[in-house]
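For this chain, numbers begin at 1 and follow the sequence in order.
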Amino acid sequence: MTMDPYLLAAIERNRRRLWAICYRMTGAVQDADDLCQEAIARAIERADQVVAGDPTGWLLRIATTTSLDHLRRATVRDRVTTLVDPLDLPDMAPGERAEDPERAAILREDVRYAVVVALQALTPRQRAALVLHDVCDRPIAEVAAILELNPNAAKALLHRARVALAEARHRDDVDTPVDPDVVEALARAVEAGSLEQISALLAEEAWGVVDGGGVIPVLAGPSLGREAVMRRFVNAWRRLDNLSLTAEVRRLNGEPGVIVRVASAPQIVVAIIHVESRARHIAGLRIDRDPRRTAAFAAG
């Protein structure tokens, strides 16, 4: 079969966007790799369906529905504290805030960690509605057709998805992107082993969640308030037996995050910390201790 060079060019031009959609839908880098390839294969197989004009929208819909098919087949039981794979891709930066407040929750090029984590709290159909409409900018009639709904039901699904996303975000009055000075100060406090410095960085109403991947024992739910978050840090320090740590600030999901390693054994990653900031303080912490994820960031 002779491939349309225009379609092939469109695939290459949108490959990163297709991958980002699969990542938003699944929260897993390996799944995104596989599903992006599957979506491209589907597009090539269905090349005769392309109508005149730019096939970009058609490709984005295929990526979304391919991910939705995968999620329908999946039988994963997420924990309350489940996070997602961090992205070490510096060119995937967060977008600017949208003028429309309803669209501000999830932006077309936004793959910030907090947004992708929050998406995983939605049902697969809610995720698909948001990605198709608010990310891919597809009309509601098209969303309805893809999800086999009438337009009114699709509108209702989209509304519920936006409400659920806002609830999963905890708060949205945070810096976008995160304040890099706050992240840097946290990294230096961790390296210094200074609980006092960490406490001073936390807002009074700060919250934190830790994901141990079912391997590292962690509390089952979030910690709410500075004192509760600090109890977690105190307990973590005790379990680490006062080991010396290094804390590297690296751009993850388009924002600075902190990779914490054992100083004497940099191949051991203790945690990856994603921060939300507000008014020069830490508003929220998402701490990934799942060894299946942290191993990818081992040094040396």
Nearest non-hydrogen partners of P86 and V29, listed with the distance
O-CG2, 4.2 Å

L157 and V163: same hydrophobic cluster, using ILVMFWY side-chain contacts below 4.5 Å?
no

Minimum side-chain heavy-atom gap L130-R24 below 4.5 Å:
no

If Ile, Leu, Val, Met, Phe, Trp and Tyr residues are connected whenever their side-chain heavy atoms lie under 4.5 Å apart, and connections chain through other members, are V210 and V117 in the same group?
no

What are the two closest non-hydrogen atoms of A114 and E276, and how far apart are they?
CB-OE2, 3.0 Å

Residues in side-chain hydrogen bond (donor to acceptor under 3.5 Å, both in side chains) contact with E204, at least two apart in sequence or another chain
R226

Do L240 and V270 touch side chain to side chain, with heavy atoms closer than 4.5 Å?
yes

Quick one: do I146 and L18 end up in the same hydrophobic cluster if we chain Ile, Leu, Val, Met, Phe, Trp and Tyr together by side-chain heavy atoms under 4.5 Å apart?
yes

If you measure from CD1 on I259 to OG1 on T294, what distance do you get to the nearest 0.5 Å?
10.0 Å

Quick one: CG on D288 to NE2 on H274, what's the gap to the nearest 0.5 Å?
6.5 Å

Apply side-chain contact (heavy atoms from CB on, under 4.5 Å) to the pair R292 and V215, showing each step before the final yes or no.
CA-CA 9 Å; R292 290 162 296 194; V215 178; 4.3 Å; yes

For R127 and Q120: C-alpha separation, side-chain torsions, deciding distance, then whether side chain to side chain donor-acceptor pair (under 3.5 Å) applies.
CA-CA 8 Å; R127 266 177 263 177; Q120 308 312 302; 3.0 Å; yes

Decide whether L83 and I282 are clustered together by the hydrophobic rule: side chain heavy atoms of Ile, Leu, Val, Met, Phe, Trp, Tyr closer than 4.5 Å, transitively.
no

For side-chain contact (heavy atoms from CB on, under 4.5 Å), just list the numbers for L68 and L147, CA-CA rounded to whole Å, side-chain angles, deciding distance to a tenth of an Å, and then say yes or no.
CA-CA 10 Å; L68 185 57; L147 297 179; 3.6 Å; yes

Selection residues 29-41 - residue pairs positive for salt bridge (Lys or Arg N to Asp or Glu O under 4.0 Å), sequence neighbours left out
E38-R42

Measure across R188 and A247 and return the closest heavy-atom pair with its distance rounded to 0.1 Å.
NH2-O, 2.8 Å

Going by the side chain to side chain donor-acceptor pair (under 3.5 Å) test, which pairs reach into residues 148-157, not counting sequence neighbours?
none

Mind checking whether I272 and V260 have side chains closer than 4.5 Å, heavy atoms only?
no

Under the side-chain contact (heavy atoms from CB on, under 4.5 Å) criterion, do L59 and I11 qualify, and how do the steps go?
CA-CA 7 Å; L59 290 170; I11 288 172; 3.9 Å; yes

Determine whether E191 and T246 make a side-chain contact, defined as any pair of heavy atoms from C-beta on separated by less than 4.5 Å.
yes

CZ (R125) and CG (L132) are apart, to the nearest 0.5 Å, by 11.5 Å

Side chain to side chain, D134 and L158, heavy atoms closer than 4.5 Å:
yes

Do W207 and I287 belong to the same hydrophobic cluster, where Ile, Leu, Val, Met, Phe, Trp and Tyr are linked whenever their side-chain heavy atoms lie under 4.5 Å apart, directly or via other members?
no

Roughly how far, to the nearest 0.5 Å, is the CD atom of E142 from the CZ atom of R61?
4.0 Å

Contact check, side chains of V182 and H281, non-hydrogen atoms, under 4.5 Å
no

Hey, mind stepping through T64 and R138 against side-chain contact (heavy atoms from CB on, under 4.5 Å) and telling me if it holds?
CA-CA 11 Å; T64 307; R138 310 317 300 170; over 6 Å; no

Of all residues at least two apart in sequence or in a different chain, which pass the side-chain hydrogen bond (donor to acceptor under 3.5 Å, both in side chains) check with R239?
none

For the CG atom of D179 and the CD atom of E255, what is their distance to the nearest 0.5 Å?
11.0 Å

Using residues 228-235 as the side-chain source, report each donor-acceptor pair under 3.5 Å to any protein atom, sequence neighbours left out, with the distance given to one decimal.
| from | atom 1 | to | atom 2 | distance (Å) |
| --- | --- | --- | --- | --- |
| R232 | NE | S223 | OG | 3.4 |
| R232 | NH2 | L219 | O | 3.3 |
| R232 | NH2 | G221 | O | 3.2 |
| N235 | OD1 | R238 | NH1 | 2.8 |
| N235 | ND2 | R231 | O | 3.2 |

Can you tell me how far CD1 of I216 sits from CG of D290, rounded to the nearest 0.5 angstrom?
8.5 Å

Using a cut-off of 6.0 Å, state whether more than 12 heavy atoms not belonging to E227 lie near its atom CD.
no

Taking all heavy atoms of A39 and all of A63, pick out the closest pair and write down the distance.
CB-CA, 3.8 Å

4.5 Å side-chain heavy-atom contact, Y113 and L252
no

Any pair with a residue in residues 256-267 that passes salt bridge (Lys or Arg N to Asp or Glu O under 4.0 Å), sequence neighbours left out, goes on the list, sorted by first then second residue, please.
E248-R261

Shortest non-hydrogen pair, V50 vs P55, comes out as CG1-CB, 3.9 Å

Heavy-atom check, side chain of I40 versus side chain of C36, under 4.5 Å:
yes

Which atom of A32 lies closest to which atom of C22, heavy atoms considered:
CA-CB, 3.8 Å

